[in-house]
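In what follows, every chain begins at residue 1, and chains take the letters A, B, ... in the order their sequences are listed.
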There are 2 protein chains.
Amino acid sequence: MGVQRKTKTGEQILAAFGDSKEALSAKMLLSRIEQRVNKTTVYRMLDKLEDDGVVHSFSGDGNVKYYARCHACSDTMHLHSHPHFQCVSCDKVRCLDFEVPLTTPLNLQVTESQILLKGHCEHCSS
Amino acid sequence: MGVQRKTKTGEQILAAFGDSKEALSAKMLLSRIEQRVNKTTVYRMLDKLEDDGVVHSFSGDGNVKYYARCHACSDTMHLHSHPHFQCVSCDKVRCLDFEVPLTTPLNLQVTESQILLKGHCEHCSS
DNA sequence: TTGATTAACGCAACTAAGTTGCATTAAATT
DNA sequence: AATTTAATGCAACTTAGTTGCGTTAATCAA
């Protein structure tokens, strides 16, 4: 079950994401939220937001879970064949706004896909 | 620095992988190895094998690191644009033997890519 | 074959991400 | 205002992976 009540934590998490395509870990969110919030609360709220199709998650570098705002999802339909990019210098992660056409083997029922690209972002290229 | 000496742990890890495309976590490897080996040893050996380009790693479900034998890599060249597939029923992970053509944005210097597909494998499809 | 060198190892203690149980707080509803 | 229960905070926990350090064993040279 997703979000049921309007709370400060929920508002602040969504405010932290804003309209950007940046992906944030629970830790990053905690440091960005002004109001003192417990990490458990953040994890639970992120779960609920993901249930509702408001955010989506994926595994970034160092086996850390990242969350980002969804832009074309509902609680019934999740379409995330867009790649994510993580800069190995500044560690920022974000959604890339194009889709990767994935042809999957006929013998496999693929229900979800995650594409993570790593490298240097435009600000960190030497 | 990679592997320098031929040891039982190294042999057993490679034996556990065999020639298959299956990917294994450190935990799975530990349970497959007959001889009693410490987990630290396994983690360290996997690091060295990865340095040598003998195995490659990626982040699977639940933020667990998986390792698989490389088939076209050396210690200087790593080519892993092949996807990995994880069955959400039996949890097995493996390399898929085709490449995904990734067109990456010009402003980003992509040095590595990870593609993880999740779903039901041929044995777990209902 | 023996002795020296040091890579590889085992162990214990640690870190960091994420989870769980439970008592408390505060939205929403009556 | 009273009631209901979703959301919260806290402490304790789990699990993956790491680190420091003393010991073992692979390799190599005498």
Side-chain angles (χ1 to χ4, degrees), chain A residues 1-16 23-52 54-68 75 84 86 88 91-93 114 116, chain B residues 1-16 23-52 54-68 75 84 86 88 91-93 114 116:
Chain A
M1 207 169 350
V3 177
Q4 312 252 2
R5 295 180 183 178
K6 182 159 286 185
T7 62
K8 284 178 186 170
T9 311
E11 283 171 31
Q12 301 226 37
I13 288 178
L14 291 185
L24 302 171
S25 65
K27 195 183 178 186
M28 291 162 87
L29 276 166
L30 274 164
S31 73
R32 287 199 187 192
I33 292 177
E34 312 280 313
Q35 182 201 16
R36 218 177 59 63
V37 186
N38 192 273
K39 65 170 180 171
T40 310
T41 305
V42 170
Y43 280 116
R44 285 198 275 233
M45 181 57 65
L46 286 168
D47 272 353
K48 287 171 203 160
L49 290 171
E50 190 164 19
D51 269 4
D52 290 339
V54 175
V55 302
H56 62 284
S57 71
F58 56 95
S59 197
D61 205 34
N63 297 325
V64 174
K65 204 170 177 182
Y66 283 84
Y67 298 86
D75 59 343
H84 297 107
Q86 179 158 29
V88 296
D91 249 22
K92 278 197 180 171
V93 188
Q114 288 186 11
L116 180 67
Chain B
M1 208 167 353
V3 178
Q4 312 251 2
R5 293 180 183 178
K6 183 160 286 187
T7 63
K8 283 178 188 171
T9 311
E11 282 171 31
Q12 300 225 39
I13 288 178
L14 291 184
L24 303 170
S25 66
K27 194 183 178 186
M28 291 161 86
L29 275 166
L30 273 164
S31 72
R32 287 200 188 190
I33 291 176
E34 313 278 314
Q35 182 200 14
R36 218 178 61 60
V37 186
N38 191 273
K39 65 170 179 169
T40 308
T41 306
V42 170
Y43 281 114
R44 285 198 273 232
M45 183 54 67
L46 286 168
D47 273 355
K48 287 172 202 159
L49 290 171
E50 192 165 18
D51 268 4
D52 289 340
V54 175
V55 302
H56 62 284
S57 71
F58 56 94
S59 197
D61 205 33
N63 298 324
V64 173
K65 204 170 178 182
Y66 283 84
Y67 298 84
D75 59 342
H84 297 107
Q86 180 159 27
V88 295
D91 248 24
K92 278 197 179 169
V93 189
Q114 288 187 12
L116 181 67

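Judged by distance alone, with hydrogens and angles left aside, the side-chain atoms of A:His84 form no donor-acceptor pair with the main-chain N or O of A:Val93 at under 3.5 Å. The backbone N or O of B:Lys6 lies less than 3.5 Å from no partner atom in the side chain of B:Glu11, so there is not a single donor-acceptor pair. The closest donor-acceptor contact from the side chain of A:Glu50 to the backbone of A:Ser57 lies under 3.5 Å. At distances below 3.5 Å, at least one donor-acceptor pair connects side-chain atoms of B:Asp52 with backbone N or O atoms of B:Val3. At distances below 3.5 Å, not a single donor-acceptor pair connects side-chain atoms of B:Gln86 with backbone N or O atoms of B:Gly60.
Protein atom CZ of A:Arg5 is 11 Å distant from nucleotide atom C1' of D:dT3, rounded to whole Å. Taking atom CE of residue B:Met1 and atom P of nucleotide D:dA26, one finds them 19 Å apart after rounding to whole Å. Rounded to whole Å, atom C1' of D:dT24 lies 13 Å from atom CD of B:Gln35. One can place CG of A:Asp51 at 14 Å from C1' of D:dA6, the figure rounded to the nearest angstrom. Rounded to a whole Å, the CE atom of B:Met28 is 12 Å from the P atom of D:dA16. The distance between atom CG of B:Asn38 and atom P of D:dT23, rounded to the nearest whole Å, is 16 Å.
The CE atom of B:Met45 sits 5.5 Å away from atom OG1 of B:Thr9, with the distance rounded to the nearest 0.5 Å. Distance check, rounded to the nearest 0.5 Å: OG of A:Ser59 to CD of A:Gln114 gives 6.5 Å. To the nearest 0.5 angstrom, A:Leu49 atom CG is 6.0 Å from A:Ile13 atom CD1. Taking CG of A:Leu30 as the start and CG of A:Asn38 as the end, the distance is 8.0 Å to the nearest 0.5 Å. If you take OH on B:Tyr66 and CG on B:Leu29, they are separated by 11.0 Å, rounding to the nearest 0.5 Å.
The phosphate of D:dT15 (OP1 or OP2) has no side-chain N or O of B:Lys27 nearer than 4.0 angstrom. Between A:Thr9 and D:dT8, a side-chain N or O to OP1/OP2 separation shorter than 4.0 Å is present.
Residue A:Val3 places its side chain closer to D:dA7 than to any other of D:dA7, D:dT18, D:dC10.
Nucleic acid contact for B:Met45: sugar-phosphate only, since backbone atoms but no base atoms lie under 4.0 Å from a heavy atom of the residue. Within the nucleic acid shown, B:Lys48 comes within 4.0 Å of sugar-phosphate atoms alone, with no base atom in reach, counting heavy atoms only.
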Atom pairs under 3.5 Å, N or O on each side, protein against nucleotides 19-22 of chain D: can you list them with distances?
unit_1	atom_1	unit_2	atom_2	d
D:dT19	O4	B:Thr40	OG1	3.4

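On the nucleic acid side, DNA chain C has its first and last nucleotide under 4.0 Å of a heavy atom of chain B at C:dT6 to C:dG18, going 5' to 3'.
Place A:Tyr43 and B:Lys6 on DNA chain C by their nearest nucleotides, and B:Lys6 ends up nearer the 5' end.
Residues from residues 59-67 of chain A placing a heavy atom under 4.0 Å of any atom in DNA chain D, listed by number, are A:Asn63.
Remark: the A:Gln12 side chain and the A:Glu34 side chain contain no N/O donor-acceptor pair separated by less than 3.5 Å.
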Side chain to side chain contact (heavy atoms under 4.5 Å, CB included) between B:Gln35 and B:Lys8, intermediate numbers included: CA-CA 9 Å; B:Gln35 182 200 14; B:Lys8 283 178 188 171; 3.7 Å; yes
